[in-house]
Amino acid sequence: MLNTIKQVFRSPRFLIGFIIFALMLLTVIFYPLFVKADPLAMVGNGNFFKPGTYVNVSETVTANRYTLNVDVSGAAKLDRQLNESDRSKMADWLIRFGGVDEAEIDTSDSVALVELWKNNYSPDADQPGLISTDKKSFERLDKRIDEILSSSGIIIATEEEDGTLTESETIDETSYVNINDLATTQTFVLGTDNFGRDVLTELVAATTTSLRIGLIAGLIATAIGLILGLIAGYLGGLVDDIITFITNLFTVIPSFVILILISYSVGQSARGVGLVAMIIGFTSWTWTTRSVRSQVISLRNRDHVNLSKLSGHSMFRIIFTDILPYIASYVVMALILQISSGILAEAQLSMLGLGPATTKTATLGLMMNWAMQYSAHLNGSWWAYFPVILTIALISFSLNLMNTGLDQVFNPQLRD
Amino acid sequence: MKMTKKSLLAMLLAVSMTASLASCGGNTTTTSTESTPSSTTSTEESSEAVSETSSETSGETETAGSTPRNETLYFAGQQWGTINDWNPMSANSNNAMAIAQSDMSRVLIYETLFMYNMLDGSLHGLLATDYEWNDDQTELTVHMNPDAKWSDGTPVTAEDVAYTFDTHVKYSSATGVDYATYIESVEAVDEGTVVFHSLCDDTGTPINPLKVLEYIPKVYVMQKAYLQTVEERNGSDAEAMKLDKMEDLVASGPYKPYYDDDQKVVFVRDDNYWGQAESMWGKLPAPKYIAHTIYADNNAGQVALAAGEVDVCQQFITDVQKLWEEQELPIMTYMDEAPYGLCTTMPTLWFNLTKPGLDQVEVRKAIAMAIDYDQIIASAMSNQSPTFAQVPRSIMNPTDGEQKLIDKDALADLQFNGKDIAGANALLDEAGIVDTDGDGIRDIDGVNLSYKAECPTGWTDWNASLEIVAAAGKEIGIDISTYFPDTNTFYNDMTTFNFDIVMNGTNGASVSNPWGRAMQLLSSTYNDLEINWSGNWGHYENARADELLALIPHETDEATLKEYYTELSQIYLTDVPSVSLMYRPQLFYSVNETVWTNYPEEGDDIPPTDCTDGYGIAALYELELVNP
């Protein structure tokens with residue numbers, strides 16, 4: 001036994017798969033110990049906030065200030081915030097509608113350009129041939145320039161009881177705060193989703209759910225498959241015929257269709273994690289039955305089995321001691337694949353809106369479903385769906401890698 | 001040996017990938033290795049076959065019904081399936097692009113007497129020029145535009161208007177059934193004058209003058225001669241009349257059917273359109289063709305809009321401002337800032353007032369208090385709605401015209417702001433509705449407060465809103481699960497009173513609103529209907545509300561109206577028979593300026609009704625090509 005395990009771990013494929021899977025398991029176990037937030041809490045008031053650290057604005061006003069002698073005033077600021085295309089847009093407008101001579105314009109001198117712009121641009125100017133969206137983009141650019149110009153010397157004022165504002169301080173352009181001094185920061189490593197939920201926390205919770213569903217579904221499917229396969233293969237005859245008949249029946253009907261029908265008929269309120277896992281388990285056992293049965297048939301006429309029979313051992317004893325150990329490696333491999341396919345089945349179900357309820361559990365499929373419904377893939381919110389896809393891919397990749405690793409160890413034909 | 005090892009690894013990787021992709025677990029690696037080559041070939045074969053046929057079909061469609069890009073205005077978000085008929089009397093027409101008889105009817109093919117402009121609430125003449133009431137509002141006289149002609153060149157007369165109404169009533173179309181209870185008859189006095197006679201009660205006062213007025217911007221005028229042809233071929237059978245496809249239609253609008261299949265629908269301009277007379281538009285609409293590709297879903301439509309393949313898009317788009325702010329596309333909405341559109345309707349959560357628990361005002365109010373409306377507006381609605389802090393709750397929509405009809409100070413104490421979990425819990429505890437069996441869900445007489453909140457599947461923003469409602473329920477110990485059936489099932493459930501909680505829109509802007517919306521929210525007159533499409537789906541009943549609702553249509557004094565509407569809003573906010581979740585535009589409106597420009601935007605007098613509905617069609621006459 002120990003020797004077998006050693007051998008298995010010597011297989012690089014198994015080892016890589018195992019490490020990936022173990023890392024995910026560890027994350028799933030330890031992350032919730034450190035981050036206690038509710039994975040379904042809608043924190044962000046809006047769709048798809050970008051990944052990053054969010055700093056409380058009012059705290060930055062009161063926090064400890066440091067003066068850094070970095071030039072952020074005037075020209076340097078304009079240079080940094082107005083990029084090449086902004087400047088050529090400005091130049092273009094000035095020439096076309098502002099009556100400025102092309103020779104006067106130097107796009108590399110942002111200060112002069114902005115001065116020209118402020119003197120000549122007016123949103124109400126007659127702009128023949130310009131479409132509304134372009135007019136609006138110039139208005140936005142003008143507003144942005146105003147903001148850049150005016151952000152020097154922001155004044156903080158406090159409101160008195162009678163409603164008058166009293167200037168309390170002016171914020172200097174060279175003032176900085178250290179992010180470590182701030183107590184109320186919120187970091188979204190993977191941003192937020194369409195409901196404003198923290199994607200990373202949700203992803204960890206979803207992976208836990210998915211692994212649980214995969215494990216339950218895999219265990220159920222493998223158990224049913226194994227038992228039916230053993231009985232059919234060992235007993236043969238009428239029992240075999242009946243079981244094979246039923247198995248074939250279930251093989252022919254696409255299990256995913258049954259899955260959809262059952263999920264739909266039980267209704268959403270009943271569709272918890274356990275039930276979904278059970279439905280998946282009960283619809284995906286057929287291939288295990290078939291393979292176990294064929295292996296048992298080839299085993300049952302071996303000499304050691306016949307010897308046991310002659311010795312008068314009971315059927316259960318023969319199955320457990322003389323047959324099961326020979327197919328154990330296969331069963332483990334089948335279980336691994338069943339887990340992987342159970343996870344994928346849940347993802348598919350939830351994508352169709354037939355998985356667990358959105359407000360009760362986080363699952364990988366639900367995350368994908370909502371990201372797609374809110375067209376995250378169209379508006380550049382990669383963080384809402386890509387990590388989910390990656391997680392699903394890594395789970396099934398690592399499980400399949402472990403499976404092929406095991407196969408390499410146990411299957412004599414593949415051994416090198 | 002090394003080579004074999006490498007190829008083996010490659011093969012194993014390929015196998016594991018295929019296995020994981022196809023999710024066919026359970027079989028041994030050996031079997032899957034064997035089955036992989038055959039299955040791969042078969043998929044390749046079938047995909048080749050598919051691509052062949054699809055290239056063939058796309059080749060066909062390019063010739064059939066294809067139109068020059070710079071003469072065509074492309075739409076998205078109106079038509080979602082192959083057109084089934086052109087019949088304005090049909091009960092199950094899906095021809096949204098041509099037939100939409102609503103408060104602002106789509107007047108591309110068929111035309112109404114007047115066009116409603118939701119910006120100022122005015123009626124602009126179309127087939128008619130003007131209207132006037134007599135003093136006791138029993139007769140509405142409408143004068144026809146003498147220039148109006150049918151597509152066959154004959155004039156549109158008063159006789160046509162009268163015959164259209166008679167036909168609707170005679171064959172009990174939905175329109176006929178609705179208006180026969182308010183309009184006694186439509187009389188053609190002479191060729192150019194129509195008189196609508198209000199149906200009166202015993203005392204001789206009209207039952208509802210507002211509904212009479214509502215008819216004229218809503219119902220399409222059909223040609224008498226053509227209707228007689230249709231009657232003849234259907235043997236005057238009511239069912240057959242409503243099922244007639246009317247593909248040979250005679251209408252008066254600026255466009256006529258040109259091409260349609262399961263990929264698209266195209267209308268072509270009628271260059272003899274009567275509206276180029278000086279008395280109407282004085283010219284023809286700019287686009288020669290109106291086309292609507294039938295997209296699979298919202299995402300497909302959005303991609304097409306971004307690519308400039310769609311000019312006018314009636315779809316909800318998440319973070320729509322990113323299209324111009326980040327992607328810098330020539331796309332705009334009616335307003336540059338949130339809420340981006342003109343919100344005139346209020347998607348509302350209707351409680352079934354006969355369900356145990358929901359029959360108690362405390363439970364309804366607690367749910368209403370707990371819901372996080374800001375979250376719904378910011379995330380589910382992507383900020384495309386004013387918040388309830390900006391426009392406090394009442395039975396009014398956010399437009400100025402309606403808001404001035406209520407006394408906001410009188411309603412201030414009744415407002416609830418949402419996300420008030422503590423308040424909602426306290427309210428339920430005080431009412432003695434507690435969790436007695438310790439399962440985390442409150443119960444009444446041992447029955448858990450457990451409800452199903454329902455809206456059609458695929459209505460993304462509504463689905464998300466209901467999820468946020470369900471999350472609120474979880475916080476206050478009321479189990480609300482979401483249920484998203486297909487649209488037909490949903491409407492079936494809603495109209496037959498077979499639901500716990502449904503989400504549905506309210507009336508938007510029209511000549512008969514806010515009265516019509518007040519009816520929807522509070523009137524018990526719909527409670528006895530077997531199939532109720534009209535309103536008050538939760539069967540609320542309040543005698544005082546009914547009384548007020550009956551008074552309003554006869555009242556013209558604004559101060560009295562304000563009093564009535566304020567009292568109705570007080571009743572509404574006190575009893576919470578339903579609760580609005582957000583404000584919403586009647587039509588979403590995003591336009592792309594790649595080909596066409598000069599679309600209506602904030603500040604214009606043309607409403608953003610997608611260049612097709614009500615007075616919004618005036619936009620078609622203003623459009624210009626970006627590169628003529």
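No hydrogens, no waters, no symmetry mates; every other heavy atom, side chains included, goes into these values. Proteins come first, then strands; the chains are lettered A, B, ... in the order of their sequence lines, and each starts at number 1.
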- Query: Among all residues two or more places apart in sequence or in another chain, which pass the ring pair (Phe, Tyr, Trp, His ring centres under 6.0 Å) test with B:Tyr589?
  - Reply: none
- Note on the structure: Under 4.5 Å to a heavy atom of chain B? For A:Thr222 that would be neither
- Query: Is B:Lys419 salt-bridged to B:Glu475, cutoff N-O under 4.0 Å?
  - Reply: no
- Residue B:Glu328 versus chain A: region with a heavy atom under 4.5 Å: neither
- Item | Carboxylate-amine/guanidinium contact B:Asp479 A:Lys360, below 4.0 Å | yes
- Message: Is there a side-chain contact between B:Ile377 and B:Phe388 in this structure, where contact means two heavy atoms from C-beta onward sitting under 4.5 Å apart?
- Response: yes
- Over 60° means perpendicular and under 30° means parallel, so classify the ring planes of B:Trp459 and B:Trp462, tilted if in between. perpendicular
- State whether B:Lys452 and B:Asp500 are salt-bridged, where the test is any N-O pair (Lys NZ or Arg NE/NH1/NH2 against Asp/Glu carboxylate O) under 4.0 Å. no
- Message: At a 4.5 Å cut-off on heavy atoms, which part of B:Glu601 comes close to chain A: side chain, backbone, both, or neither?
- Response: side chain
- Message: Less than 4.5 Å to any heavy atom of chain A: does that hold for the side chain of B:Ser465, its backbone, both, or neither?
- Response: neither
- chain B heavy atoms under 4.5 Å from A:Trp285: which part of the residue, side chain, backbone, both or neither? neither
- Item | Residue pairs, two or more places apart or on separate chains, that pass ring pair (Phe, Tyr, Trp, His ring centres under 6.0 Å) and touch residues 336-359 of chain A | none
- Query: Is it the side chain or the backbone of B:Asp461 that comes within 4.5 Å of chain A heavy atoms, both, or neither?
  - Reply: both
- Let me know if A:Ser137 has heavy atoms under 4.5 Å from chain B in its side chain, its backbone, both or neither. neither
- Item | Contact origin within B:Thr597 toward chain A - heavy atom pairs under 4.5 Å | side chain
- Message: Less than 4.0 angstrom from a charged side-chain N to a carboxylate O is my criterion; do A:Asp86 and A:Lys89 meet it?
- Response: no
- Note on the structure: One option among B:Leu329, B:Asp336, B:Ile480 has the most heavy-atom pairs under 4.5 Å with chain A, and it is B:Asp336
- Message: On a heavy-atom basis, which atom in A:Ala334 and which in A:Thr288 lie closest, and how many Å separate them?
- Response: CB-CG2, 4.3 Å
- Task: Go through the atoms of B:Tyr599 and report whether side chain, backbone, both or neither lie under 4.5 Å from a heavy atom of chain A.
- Result: neither
- Query: Do you know which of B:Met332, B:Glu593, B:Met381 has the most heavy-atom pairs with chain A at a distance under 4.5 angstrom?
  - Reply: B:Glu593
- Message: Heavy-atom cut-off 4.5 Å, strictly under: side chain, backbone, both or neither for A:Leu40 against chain B?
- Response: side chain
- Task: Check each atom of B:Asn463 against the heavy atoms of chain A and say whether the ones under 4.5 Å are side chain, backbone, both or neither.
- Result: both
